[in-house]
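Worksheet: one structure, shown below.
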Amino acid sequence: MKLSGAEILCESLLREGVEIIFGYPGGVIMPVYDALLKYPKLKHVLVRHEQGAAHAAEGYARVTGKPGVCLVTSGPGATNLITGIADAMMDSVPIVCISGQVVSHMIGSDAFQEIDVVGITSMITKHNYLITGASEVAASIKEAFHVSGTGRPGPVMIDLTKDAQVEKIDFSYPEKIDLPGYTPTVEGNIRQIKKAVEVINNSHRPLILAGHGVLISKAEKELDELAQKGNLPVAATLLGISAIPQNNPCYVGMLGMHGNLAPNICTNEADVLIALGMRFDDRVTGNLTRYAPQAKIIHVDIDPAELGKNVRPDIPIVGDIKNVLKKMIPLVKHQDRKAWFARFTQFYQIEKQKVIEKEIHPKTGLIRMGEVIHLLSSETKGQAIIVSDVGQNQMFAARYYDYQKPNSYITSGGLGTMGFALPAGMGVKFGQKDREVWVTVGDGGFQMTIQEMATIVQEKLDLKIAVLKNNYLGMVRQWQHLFFDKKYSEVFLKNPDFVKISEGFGVPAERVTKRSEIIPAIKRARRNKGAYLIEFVVEAEANIFPMMPSGAAVDEIRLE
């Protein structure tokens with residue numbers, strides 16, 4: 001039997017194990033939506049904006065390890081995906097985006113809703129395709145999923161003309177693909193690994209920097225074994241959070257601009273840095289000319305382009321983190337590093353006294369963001385998945401939730417996309433139906449994708465939403481407070497009544513204004529079988545510390 005290109009697309013997605021598609025129909029993608037009616041195993045989630053489809057696909061991919069899929073029409077449908085595609089590229093998230101395109105003979109004519117999707121997305125995808133015939137569909141899908149999910153994961157774009165969707169041909173799905181130019185190195189060079197272990201064994205002040213690559217590789221067990229066997233302190237990047245339980249004795253805190261005092265200062269005291277699946281992002285390194293001056297750098301990454309891009313490693317190792325660590329562990333020797341760990345404890349106690357205790361146990365004043373996150377952590381015993389937005393709320397969620405399970409902190413790192421959390425939370429919940437999922441979001445970011453509340457209701461998602469409302473674009477206001485002489489420019493938000501809006505969507509909601517109300521509200525939300533929103537009215541002009549000023553060295557991080 002001959003199948004249309006649209007039907008071949010559906011058949012191909014099923015063969016790649018796709019179970020869910022996040023999308024929004026429109027003009028030239030309608031043949032695919034018509035074909036979807038014949039394929040009930042492909043669940044389609046109707047988002048309310050295409051950006052939401054991309055972020056939902058990201059959330060799904062982040063917690064399943066499988067490429068998330070989104071489906072949109074041409075023109076604005078495709079361009080509305082751009083932010084989510086760029087976000088996925090920056091954070092190494094596998095998603096396959098499929099857009100409709102005008103019929104082949106009209107390409108280049110400025111037809112209605114025509115846009116050069118391949119041209120626009122070429123710099124923010126691992127690869128992209130323009131498909132003009134049904135015969136190209138199956139092979140392109142096979143390649144797209146392979147490229148998206150192997151090596152360093154990332155987004156792939158498929159632009160599918162309308163005539164390719166309706167053309168009928170005989171269908172067969174390729175069992176294998178041959179991409180000679182795409183052969184990621186996954187094992188790691190054993191001589192380089194032995195060199196690295198020798199340096200580690202001879203070190204006195206080593207520090208592991210655990211990045212997102214540890215989670216992507218599912219190497220949490222190997223990281224723990226390496227740290228325990230070598231008695232090595234472990235710090236996490238923002239996207240590396242939850243790669244190691246926060247009660248693990250080797251865990252010493254978060255790196256970066258709003259990270260913990262100890263790992264930031266001790267970076268410049270370390271004699272060896274073992275960087276695992278992290279990019280040496282500017283938010284982690286601060287001033288590169290004064291970064292880790294005493295340390296030999298061991299950098300392990302599956303993407304050779306990252307080795308030496310920002311920080312030149314003494315021992316670069318190209319490979320999958322899990323495979324590399326498996327070879328390292330038998331060779332690493334246990335050493336007594338009491339004095340080195342005591343250094344981290346010393347700085348932690350300073351930060352605890354000057355910052356942490358005041359944030360999570362305030363005696364007076366309005367509710368604090370860190371206080372809310374700390375109590376949420378306590379109530380959920382660190383077992384929930386937290387999907388945080390961008391800004392102050394993001395850093396509080398990173399710092400004050402006690403993550404106990406792998407892959408439990410989902411956020412937009414490299415691109416820093418406000419509006420990420422709500423749609424990403426939907427994707428996370430679809431990917432981990434049995435896990436408790438909380439979206440933590442500021443009042444600014446919430447309003448960027450608030451329309452996805454309708455999707456949450458339509459899909460009956462048991463998603464809890466904590467809106468941390470301070471009536472400001474909090475992180476921008478903090479920078480204006482500290483570095484622009486308190487001259488606030490366009491950061492005040494005249495907010496709507498989020499409780500009424502939530503109820504208007506059909507989601508039960510309540511407002512919390514008093515400290516005594518926080519825990520009861522969280523308990524009510526958790527008991528509710530379905531979505532629930534809590535609007536926490538928090539201190540308006542609170543700042544988050546520690547903070548590493550722009551251009552400063554990591555050991556110049558401020559506590560106030």
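- Inspection of the T237 and R283 side chains reveals no N or O donor paired with an N or O acceptor under 3.5 Å.
- For the pair Q165/I29, a side-chain contact is recorded, criterion being any heavy-atom separation below 4.5 Å from C-beta on.
- Taking E136 as the reference, nothing meets the salt bridge (charged side-chain N to carboxylate O under 4.0 Å, His left out) condition, with sequence neighbours excluded.
- To the nearest 0.5 angstrom, I321 atom CD1 is 6.0 Å from D301 atom CG.
- When all heavy atoms of S104 and D163 are compared, the pair lying nearest together is OG-OD2, 2.7 Å.
- In terms of the side-chain hydrogen bond (donor to acceptor under 3.5 Å, both in side chains) criterion, residue partners of E452 (sequence neighbours excluded) are, by chain and number, T455.
- Within the structure, ring-ring contact (aromatic ring centres under 6.0 Å, His included) pairs that include any residue of residues 135-175 comprise H146-Y182 (at least two apart or interchain).
- Although no hydrogens or angles enter the test, the distance criterion places no donor-acceptor pair under 3.5 Å between the side chain of T285 and the main chain of L288.
- A side-chain donor-acceptor contact under 3.5 Å links T411 and S388.
- Checked against side-chain hydrogen bond (donor to acceptor under 3.5 Å, both in side chains), K464 has the following partners two or more places apart in sequence or in another chain: D462.
- Inspection of the N495 and Q447 side chains reveals an N or O donor paired with an N or O acceptor under 3.5 Å.
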Test K38 against C10 for side chain to side chain contact (heavy atoms under 4.5 Å, CB included), laying out the working first. CA-CA 9 Å; K38 303 174 186 177; C10 296; over 6 Å; no
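- In this structure, the side chain of Q394 engages the main chain of S412 through a donor-acceptor pair within 3.5 Å.
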Can you list the steps and then say if L463 with V428 is a side chain to side chain contact (heavy atoms under 4.5 Å, CB included)? CA-CA 10 Å; L463 191 63; V428 167; over 6 Å; no
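- By the salt bridge (charged side-chain N to carboxylate O under 4.0 Å, His left out) test, K126 is found to be paired with no residue, residues two or more places apart in sequence or in another chain being considered.
- Distance alone, capped at 3.5 Å, is enough to place a donor-acceptor pair between the D389 side chain and the A421 backbone.
- With sequence neighbours left out, H49 forms a ring-ring contact (aromatic ring centres under 6.0 Å, His included) with no residue at all.
- Smallest separation of non-hydrogen atoms from I131 and A164: O-CB, 3.9 Å.
- Summarising the geometry of L533 relative to S502, their closest heavy-atom pair is CB-OG, 3.5 Å, with the distance given to 0.1 Å.
- Between K142 and E175, no side-chain nitrogen of the basic residue sits less than 4.0 Å from a carboxylate oxygen of the acidic one, so the salt-bridge criterion is not met.
- Atom CE of M254 is separated from atom CD1 of I241 by 5.0 Å, given to the nearest 0.5 angstrom.
- For residues 8-29, the pairs satisfying ring-ring contact (aromatic ring centres under 6.0 Å, His included) are F22-F430, with sequence neighbours left out.
- The CD1 atom of I158 sits 11.0 Å away from the OG1 atom of T125 when rounded to the nearest 0.5 Å.
- Between K322 and D320 there is no salt bridge, since no side-chain nitrogen of the basic residue lies less than 4.0 Å from a carboxylate oxygen of the acidic one.
- In this structure, T417 contributes its side chain and F420 its backbone to no donor-acceptor pair below 3.5 Å.
- A donor atom on one side chain and an acceptor atom on the other are not found under 3.5 Å apart for E114 and Q101.
- Without hydrogens or angle criteria, S122 side chain to G119 main chain gives a donor-acceptor distance under 3.5 Å.
- Salt-bridge check for D443 with K469: failed, with every basic side-chain N at 4.0 Å or more from each acidic carboxylate O.
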Evaluate L209 against I274 for side chain to side chain contact (heavy atoms under 4.5 Å, CB included), listing each step before the verdict. CA-CA 6 Å; L209 313 181; I274 308 144; over 6 Å; no
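- Taking CD from Q451 and CZ from R48, the interatomic distance works out to 9.5 Å, rounded to the nearest 0.5 Å.
- For the 3.5 Å distance criterion, the side chains of Y129 and E143 qualify, holding a donor opposite an acceptor.
- A ring-ring contact (aromatic ring centres under 6.0 Å, His included) check over residues 298-320, counting only residues at least two apart or in different chains, returns the pairs F280-H299.
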May I have the list of side-chain donor-acceptor pairs in residues 65-82 shorter than 3.5 Å, sequence neighbours left out?
from	atom 1	to	atom 2	distance (Å)
K66	NZ	Y60	OH	3.4
T73	OG1	G27	N	3.4
T73	OG1	V28	N	3.4
S74	OG	Q113	O	2.8
T79	OG1	G75	O	3.3
T79	OG1	P76	O	3.3
N80	ND2	E50	OE1	2.9
N80	ND2	P76	O	3.2

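- Distance alone, capped at 3.5 Å, is enough to place a donor-acceptor pair between the R435 side chain and the Q383 backbone.
- Side chain of E187 to backbone of N323: no donor-acceptor contact under 3.5 angstrom is found.
- In summary, R152 and E306 engage in a salt bridge, as defined by a charged side-chain N under 4.0 Å from a carboxylate O.
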Decide side chain to side chain contact (heavy atoms under 4.5 Å, CB included) for S92 and I216; before the verdict, give the C-alpha distance in whole Å, the side-chain angles of both, and the deciding distance to 0.1 Å. CA-CA 9 Å; S92 304; I216 293 171; 3.9 Å; yes
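- The pair E19-K41 does not meet the salt-bridge criterion, since no charged nitrogen lies less than 4.0 angstrom from a carboxylate oxygen.
- The side-chain hydrogen bond (donor to acceptor under 3.5 Å, both in side chains) search around T121 returns N128, not counting sequence neighbours.
- Of all heavy-atom pairs spanning P316 and P313, the tightest one is CB-CG, 3.8 Å.
- Every residue two or more places apart in sequence or in another chain that forms a ring-ring contact (aromatic ring centres under 6.0 Å, His included) with F498 is listed here: F446.
- D314 contributes a side-chain N or O that, together with a main-chain N or O of I297, makes up a donor-acceptor pair within less than 3.5 Å.
- Counting only distance, with no hydrogens or angles, the side chain of S4 and the backbone of V166 share no donor-acceptor pair below 3.5 Å.
- For the residue pair Q432 / R62, no side-chain donor-acceptor distance below 3.5 Å is found, with atom types taken as modelled.
- Taking a cutoff of 4.0 Å between a charged side-chain nitrogen and a carboxylate oxygen, E459 and K43 qualify as a salt bridge.
- Heavy atoms only, all atoms of each residue included: I317 and A196 are closest at CD1-CB, 4.0 Å.
- Between V47 and G52 the shortest heavy-atom distance is CG1-C, 4.1 Å.
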Taking it one step at a time, do T440 and N393 satisfy side chain to side chain donor-acceptor pair (under 3.5 Å)? CA-CA 7 Å; T440 62; N393 69 89; 4.7 Å; no
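- Partners of Y33 according to the ring-ring contact (aromatic ring centres under 6.0 Å, His included) rule, which considers only residues two or more places apart in sequence or in another chain, are H44.
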